[in-house]
Amino acid sequence: MASRRKEQPVIEGRVMEADVLVVGGGPAAAWAALSAAEAGARVVLADKGYHGTSGATAPSNTGTWCVPPGEGRTASVEQRFKRTAGLADRRWMLRCADRAYENLQKLVEWGYPFPTEEDGSLYIANLRGPDYMRFIRQRVQKAGVTILDHHPVLELLGADNEIAGAAGLVRRTGSSFRVTARAVVLATGGCAFFERILGGTGLTGDGYLFAAEAGAALSGMEFTGKYTLAPHGSSLNKGLPFRWATFYREDGEVLRDSNGEPVTNGIGGGERQVAKALLSGPVFARLDHAEPAMQDWLQRGQPNCFQPYERMGINPFNDLFRVELKYEGTVRGTGGIRIVSSDCATGVPGLYVAGDAASRENVTGGVSGGGAINASWAIASGWWAGHGAAQHARRRQGRHFKQLQALGTTGLNGTAEREVDLSEAAQVVHDEIAPLEKSYWRSGDTLEASRVQLEKLWAGLNAAPSSKGIARLRSREVAAVTATARWTVAAALLRTESRGVHRRKDFPEERAAETSRIIVSGLDQVTAVREQLALDAMQEA
């Protein structure tokens, strides 16, 4: 368990008991709940929003990494591994492909309405977010899982040096609740750093903070430099249509690369050119490489991608429109809570992790998993974590926790009189982590300047008086995003090279000597070490 913590009573309110508590509401949470229930556990799922509509998947149309069994699976893993900047693990990639495919087949058996191919076969590689999440909520309910909608968890509970449940609040009333459980799965999603993206409002890195307060570490936090093109001023972060775009400067002149060629394909080689141009002024686009048949396919397959254009009265295939790069943090980045076993345990007894809350380095390395591999990772890791939690709970059957301890710290137990303006604090964090010049291209100077600002903010949040009622949620969200930004900066400072979506202007080359993961931990004192050093320290302990 983490060292900085005051002895504090568990706030009383509604009390429930479970074998396994799943915290979160996206696909990873759903699959964890289903897996734990199938293993015979009594399961409670607590969602900050409404399970089935909250999170990044619900408003999306996402593909999966869907690879049927056979020799082609190994080839697919090898092909993807080459794009992971050397930090993925082929064994994990293979078992992820295995598990995801098996669970997609479960969806078929359960009657999920997959689209059909021309030959009548089911196309199981695609999941329409609204349909998928509505369907999987129904399966979770049918499995006997107790769903607590609009019940954000604020902190974990501990007892006898292991996790014993969690406590939170009821959004409708602001009152408290707690669930005692023999195991907890954190499936709280990634951190969008208060960027305005689809489904990102509640993605504030809560699970990272909970895990760190319990003593867990994080990994891959430097790989957060993932941005996606979007119509300027929108919350849309679905960049696929920009594959067929040409880009222009404000005066209508075609944007050109260093060879004088027009910049195209904003989700491929053209992205860096667009990012560079955005530093000096507005950039515009037109999807003029999409033939009529492709235009029809895009609009039918990605309908939500075209709603902003319709609202603005723009035909993106014919008209120029202004674009921006939306920061996606760990939502489509890589970093998260470090996994220490095949069942997604965190190293803290009774605590498991799944989906975007977990580091995805095992399957994506130092690059973004985009939608496809992230979707399959949510399915697979959710299943593993739920099963692991259920097994842990079974081993603890008959054991009663003598005294529960609330593990929450910053945002819950400050004693100073001076309050912190949480809106201002949120803006400070966003301004230190989201701008192109700070996270698309990093440097030691900008990272160090951000570190100083974030440490100052963290100290203020630590000392701020405790919030009451529903205000506790915002206080914890700001604390979680600030902590996540601090871990990101610490990891980015230590990685003195450019690798994957971590780009350093002062170290532009990839260095073979740095082909290792970076582990970060700590609350008031953040520590970043290379993985081998972390493993050596664990063995010595």
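Nothing fancy with the numbering, it's 1 onward along the sequence.
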### Message
With side chain to side chain contact (heavy atoms under 4.5 Å, CB included) as the criterion, how do F284 and R249 come out once you've worked through the C-alpha distance, each side chain's angles and the decisive distance to 0.1 Å?
### Response
CA-CA 6 Å; F284 294 77; R249 297 189 182 277; over 6 Å; no
Does either side chain, that of [X] or that of [Y], offer a donor lying less than 3.5 Å from an acceptor on the other one?
| X | Y | answer |
| --- | --- | --- |
| N265 | W244 | no |
| T410 | N462 | yes |
| R442 | H502 | yes |
| N413 | S466 | no |
| Y112 | R139 | no |
| Y208 | T330 | yes |
| S176 | R472 | yes |
| N362 | R517 | yes |

Is it the case that the side chain of [X] and the backbone of [Y] share a donor-acceptor pair, with hydrogens and angles ignored and the cut-off at 3.5 Å?
| X | Y | result |
| --- | --- | --- |
| S439 | I433 | yes |
| H232 | E324 | no |
| S368 | G333 | no |
| K326 | I197 | no |
| R495 | R503 | no |
| T446 | S443 | yes |
| S376 | I373 | no |
| T334 | E361 | no |
| S54 | G49 | no |
| S475 | A471 | no |

To check you understand the geometry: which heavy-atom pair defines the closest contact between [X] and [Y], and what is its length?
| X | Y | answer |
| --- | --- | --- |
| A56 | S60 | O-OG, 2.6 Å |
| G444 | D506 | N-OD2, 2.8 Å |
| I337 | A211 | CD1-CB, 3.6 Å |
| P152 | F177 | O-CE2, 3.7 Å |
| S219 | I519 | OG-CD1, 3.7 Å |
| V140 | A33 | CG1-CB, 4.4 Å |

### Query
After noting the C-alpha distance and the side-chain angles of H289 and T264, does the key distance pass the side chain to side chain donor-acceptor pair (under 3.5 Å) rule?
CA-CA 9 Å; H289 284 269; T264 60; 5.1 Å; no
Between [Y] and [X], does any NZ, NE, NH1 or NH2 come within less than 4.0 Å of an OD or OE carboxylate oxygen?
| X | Y | value |
| --- | --- | --- |
| R178 | E155 | no |
| K438 | E432 | yes |
| R137 | D149 | yes |

### Task
Nearest 0.5 Å please: distance from the CG atom of L422 over to the OG atom of S467.
6.0 Å
#### Entry: From CD (E497) to CD (E510), nearest 0.5 Å
5.5 Å
### Query
Is the charged tip of R504 near the ring of W441: under 6.0 Å from the six-membered ring centre and within 45° of its axis?
no
### Query
Does NZ or CZ of R286 come closer than 6.0 Å to the centre of the six-membered ring of F321, within 45° of the ring's axis?
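R286 over F321 ring: no.
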### Task
On the 0 to 90° scale, with breaks at 30° and 60°, tag the Y440-Y227 ring pair as parallel, tilted or perpendicular.
tilted
### Task
Look at the rings of F247 and F242 and say which category their plane angle falls in: under 30° parallel, 30 to 60° tilted, over 60° perpendicular.
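If you compare the ring of F247 with that of F242, the planes turn out parallel.
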### Message
Pair R476, E213 - check salt bridge (Lys or Arg N to Asp or Glu O under 4.0 Å), show working.
### Response
CA-CA 12 Å; R476 285 293 271 171; E213 289 172 334; 2.8 Å; yes
### Message
Using side-chain heavy atoms (C-beta onward) and a distance below 4.5 Å, is F114 in contact with Y132?
### Response
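Answer no - side chains too far apart.
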### Task
Could you walk me through whether I518 and E222 pass the side chain to side chain contact (heavy atoms under 4.5 Å, CB included) test, one step at a time?
CA-CA 8 Å; I518 290 176; E222 71 273 31; 3.8 Å; yes
### Query
How far apart are the C-alpha atoms of T64 and L127, what are their side-chain angles, what is the distance that settles it, and do they pass the side chain to side chain contact (heavy atoms under 4.5 Å, CB included) test?
CA-CA 7 Å; T64 62; L127 294 166; 3.6 Å; yes
### Task
Using the salt bridge (Lys or Arg N to Asp or Glu O under 4.0 Å) rule, take R486 and E455 through it: C-alpha gap first, then chi angles, then the decisive distance, then the call.
CA-CA 7 Å; R486 293 167 68 235; E455 292 301 325; 3.0 Å; yes
### Task
Please step through salt bridge (Lys or Arg N to Asp or Glu O under 4.0 Å) for the pair D206 and K48, ending with a clear verdict.
CA-CA 10 Å; D206 306 349; K48 183 191 287 191; 2.7 Å; yes
### Query
Would Y327 and F193 count as a ring-ring contact (aromatic ring centres under 6.0 Å, His included) if you check the C-alpha gap in whole Å, the side-chain angles of each, and the deciding distance to 0.1 Å?
CA-CA 8 Å; Y327 185 60; F193 294 98; 5.7 Å; yes
